[in-house]
Amino acid sequence: MTETDALRQAAMFAAMKRGARILFAASALLVAACQSIVPRGPGPVRPTEPVSTAPDVTQGLPTDTQRHRVALLVPMSGPNAGVGQSIANATTLALLDTKADKVRITTYDTSMGAAAAANRALAEGNRLILGPLLAEDARIVGPIAAKADVPVISFSNDVSIAGNGVYIMGYNPGQSIERVVEFAKGKGLSKFAALVPKGVYGERSGTSLLRAVEQEGGTVVSMQTFDRSPASMTAAVKKLQASSSYDALLIADSGRVALQLAPIVRKNGGATARLLGTELWNTDRSIASSPALRGAWFASVSDGLYGQLASKYRARYGSAPFRLSALGYDAVLLTVRIARDWKPGTPFPASRLRDSGGFSGIDGAFRFGRSGVAERALEVSEVGAGTYTVVAAAPRAFAE
């Protein structure tokens with residue numbers, strides 16, 4: 001599956017819970033594939049001009065020496081410019097909300113070449129790189145930054161690029177599958193099946209399911225692939241029906257595809273099966289309008305605080321953010337927290353990224369393991385009539 005395919009599949013995350021209050025002060029939030037999924041949604045149709053917030057966010061070479069120089073590598077032109085601009089705007093909001101006067105972020109456009117952007121960022125004295133967005137760009141930037149001993153915190157979800165100084169903040173489908181399988185097994189379901197799309201996302205989702213079910217002591221009775229055409233979807237469901245019975249079925253694809261598959265499943269052997277989804281389901285509220293998906297479970301990051309960030313974003317920039325903007329915001333919170341003990345002009349203390357207690361932000365608690373992949377505290381939601389309901393809250397912190 002290409003980046004373009006992923007851009008079409010994933011829509012924006014929508015706020016699922018109301019009543020949660022966000023505290024944008026630093027004291028409150030600083031607690032504690034070969035493919036990337038780049039959601040599209042009601043973000044800016046055209047990239048807007050960056051709102052000037054000098055001296056916090058600038059283009060070009062910073063002139064002062066009293067601040068930590070941090071580079072933001074995102075696409076500011078080209079097809080993903082809207083996402084990149086949204087992330088850049090969110091980093092500005094995070095700087096303003098935390099009143100971080102010792103962190104200076106300079107934005108570099110990866111659409112003009114990831115290597116060129118990275119080399120320029122390093123030449124201009126940046127000691128930490130936030131981004132890039134896409135996995136292929138991170139593969140280019142990682143080795144360049146490693147030679148300068150500069151860590152990279154990428155917004156990609158491709159775990160294969162983690163390591164050697166590259167950390168992955170993106171939403172990992174494997175973790176969402178592990179969380180929902182654990183929840184389902186706890187509710188007495190033990191025979192699992194799966195429908196996975198052909199391609200990298202489907203292969204990794206299938207592998208994650210096998211591992212998660214084995215860990216929970218269940219059984220995977222069948223797994224079928226499809227190519228997203230109606231005929232292929234129907235054939236895959238019928239193979240499930242012919243192979244064996246199941247009481248839980250993972251549909252490892254976007255909400256749009258789940259809307260197509262669920263009615264077929266209900267009519268062909270899966271009338272009573274509990275449907276399970278991945279983190280991609282949280283990007284499409286239309287799922288809640290489907291009777292065939294009623295009662296389905298999926299795991300994702302919490303949206304309670306994101307709703308408040310989105311409101312603040314709209315008030316400042318006049319448009320809705322992309323859901324990935326939260327990654328930019330949280331990356332700044334992490335940076336500001338570590339900057340308390342980071343002397344300007346010295347190398348970034350990368351060992352602090354592996355704090356076992358983790359960090360907290362818009363998307364809840366997260367921490368980087370030895371692999372460099374962000375482990376996230378996820379909640380489980382159930383699809384209802386027109387809405388989602390959280391049936392298992394995300395842990396507030398990690399056990400040691």
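Throughout, residue positions are numbered sequentially from 1 according to the sequence presented. Because the structure is predicted, anything quoted here is derived from the model rather than measured.
Dense packing is recorded around CG of D227, with more than 12 heavy atoms of other residues, nucleotides or ligands lying under 6.0 Å away.
A continuous path of ILVMFWY side-chain contacts below 4.5 Å connects V380 to L276, so both sit in one hydrophobic cluster. Linking Ile, Leu, Val, Met, Phe, Trp and Tyr residues whenever their side-chain heavy atoms come within less than 4.5 Å places I161 and L73 in a single cluster. Cluster membership check: F398 does not share its hydrophobic cluster with V373, using side-chain heavy-atom separations under 4.5 Å among Ile, Leu, Val, Met, Phe, Trp and Tyr. Hydrophobic clustering (side-chain heavy atoms under 4.5 Å, transitive across Ile, Leu, Val, Met, Phe, Trp, Tyr) keeps V220 apart from L275. In this structure, F298 is a member of the same hydrophobic cluster as I251, with clusters built from ILVMFWY side-chain heavy atoms closer than 4.5 Å.
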Full working for side-chain hydrogen bond (donor to acceptor under 3.5 Å, both in side chains) between D97 and Y329 = CA-CA 10 Å; D97 291 338; Y329 192 100; 2.9 Å; yes
D355 and R367: CA distance, side-chain angles, deciding distance, side chain to side chain contact (heavy atoms under 4.5 Å, CB included) verdict | CA-CA 7 Å; D355 184 337; R367 65 179 176 183; over 6 Å; no
Let me see the working for N89 and S325 under side chain to side chain contact (heavy atoms under 4.5 Å, CB included), right down to the final yes or no.
-> CA-CA 8 Å; N89 288 345; S325 63; over 6 Å; no
Start with the C-alpha distance between Y167 and R354, add both sets of side-chain angles, then the distance that settles side chain to side chain contact (heavy atoms under 4.5 Å, CB included), and finish with yes or no.
-> CA-CA 10 Å; Y167 297 81; R354 296 183 291 276; 2.5 Å; yes
Under the side chain to side chain contact (heavy atoms under 4.5 Å, CB included) rule, what do Q66 and K102 come out as? Steps first, then yes or no, please.
-> CA-CA 7 Å; Q66 302 303 311; K102 292 186 178 181; over 6 Å; no
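Interatomic distance, OG of S245 versus CG of L240, reported as 11.5 Å (0.5 Å rounding). Remark: I287 CD1 to N282 CG distance equals 8.5 Å, nearest 0.5 Å. Between the CZ atom of F183 and the CG atom of L189 there is a distance of 9.5 Å, given to the nearest 0.5 Å. Note that CD1 of I362 is 6.0 Å distant from CG of D330, once rounded to the nearest 0.5 Å. Between L210 atom CG and E214 atom CD the span is 8.5 Å, to the nearest 0.5 Å. Taking CG of L327 as the reference point, atom CD1 of I153 lies at 11.0 Å (rounded to 0.5 Å).
With hydrogens and angles disregarded, a donor-acceptor distance shorter than 3.5 Å links the side chain of T91 to the backbone of A88. S290 places no side-chain N or O within 3.5 Å of a backbone atom of S286 that could act as its donor or acceptor partner. Of the possible polar contacts, none joining the R67 side chain to the P344 backbone as a donor-acceptor pair under 3.5 Å is found. No donor-acceptor pair closer than 3.5 Å links the side chain of S86 to the backbone N or O of G82. Side-chain N or O atoms of D247 include one that pairs as donor or acceptor with a backbone N or O of K191 at under 3.5 Å. Looking only at distances, no side-chain donor or acceptor of S232 sits under 3.5 Å from a matching main-chain atom of R228.
A288 approaches T387 most closely through the heavy-atom pair CB-N, 3.3 Å. Nearest approach of R352 to R337, heavy atoms of both residues: NH2-O, 4.3 Å. The heavy-atom pair separating F348 from R127 by the smallest distance is CB-O, 3.3 Å. Contact detail for S154 and A138: the closest heavy-atom pair is OG-CB, 3.9 Å. Residues G295 and R274 approach most closely at O-NH1, 2.7 Å, considering heavy atoms. Taking all atoms of both residues into account, the shortest heavy-atom contact from L209 to V181 is CD1-CG2, 3.7 Å.
Taking 4.5 Å as the limit, every side-chain heavy atom of V159 sits out of range of all side-chain heavy atoms of Q175. In this structure the side chain of L72 never reaches within 4.5 angstrom of the side chain of V70, judged on heavy atoms. With a 4.5 Å cut-off on side-chain heavy atoms, I87 and F155 count as touching. Side-chain contact between L261 and V237: present, with at least one pair of heavy atoms (C-beta onward) separated by less than 4.5 Å. Considering only heavy atoms from C-beta on, R314 stays 4.5 Å or farther from S319 through its side chain. A 4.5 Å side-chain heavy-atom check between S300 and S176 finds every atom pair outside the cut-off. The closest side-chain heavy-atom distance from V301 to E279 is not below 4.5 Å. A heavy-atom distance below 4.5 Å is found between the side chains of L353 and I338.
Checked by atom type, the side-chain pair D303/Y388 shows no donor-acceptor distance below 3.5 Å. In this model, no donor atom of one side chain and acceptor atom of the other lie less than 3.5 Å apart for K239 and S222. With no hydrogens or angles considered, a side-chain donor-acceptor pair links S160 and R139 at under 3.5 Å.
A salt bridge is defined here as a Lys NZ or Arg NE, NH1 or NH2 lying under 4.0 Å from an Asp or Glu carboxylate O, and R120 with D109 fails to meet this definition. Salt-bridge annotation for R204 and D158: present, with a side-chain N of the basic residue lying under 4.0 Å from a carboxylate O of the acidic one.
The side chain to side chain contact (heavy atoms under 4.5 Å, CB included) test with Y108 singles out one residue from N126, I129, V141, N119, and that residue is N126. Paired with M233 under the rule side chain to side chain contact (heavy atoms under 4.5 Å, CB included), one option of V265, D253, V257 passes, and it is V257. For the side-chain hydrogen bond (donor to acceptor under 3.5 Å, both in side chains) with Y171, the lone residue among D363, T278, N157 that qualifies is D363. Put simply, the residue from E382, K187, E379 that forms a side chain to side chain contact (heavy atoms under 4.5 Å, CB included) with V391 is E382.
Ring planes of H68 and W342: parallel class, angle under 30° (limits at 30 and 60°). Between Y313 and Y317, the ring-plane angle classifies as tilted under the 30° and 60° cut-offs.
With a 6.0 Å cutoff to the six-membered ring centre and a 45° limit on the axis angle, R376 counts as a cation-pi contact of F366.
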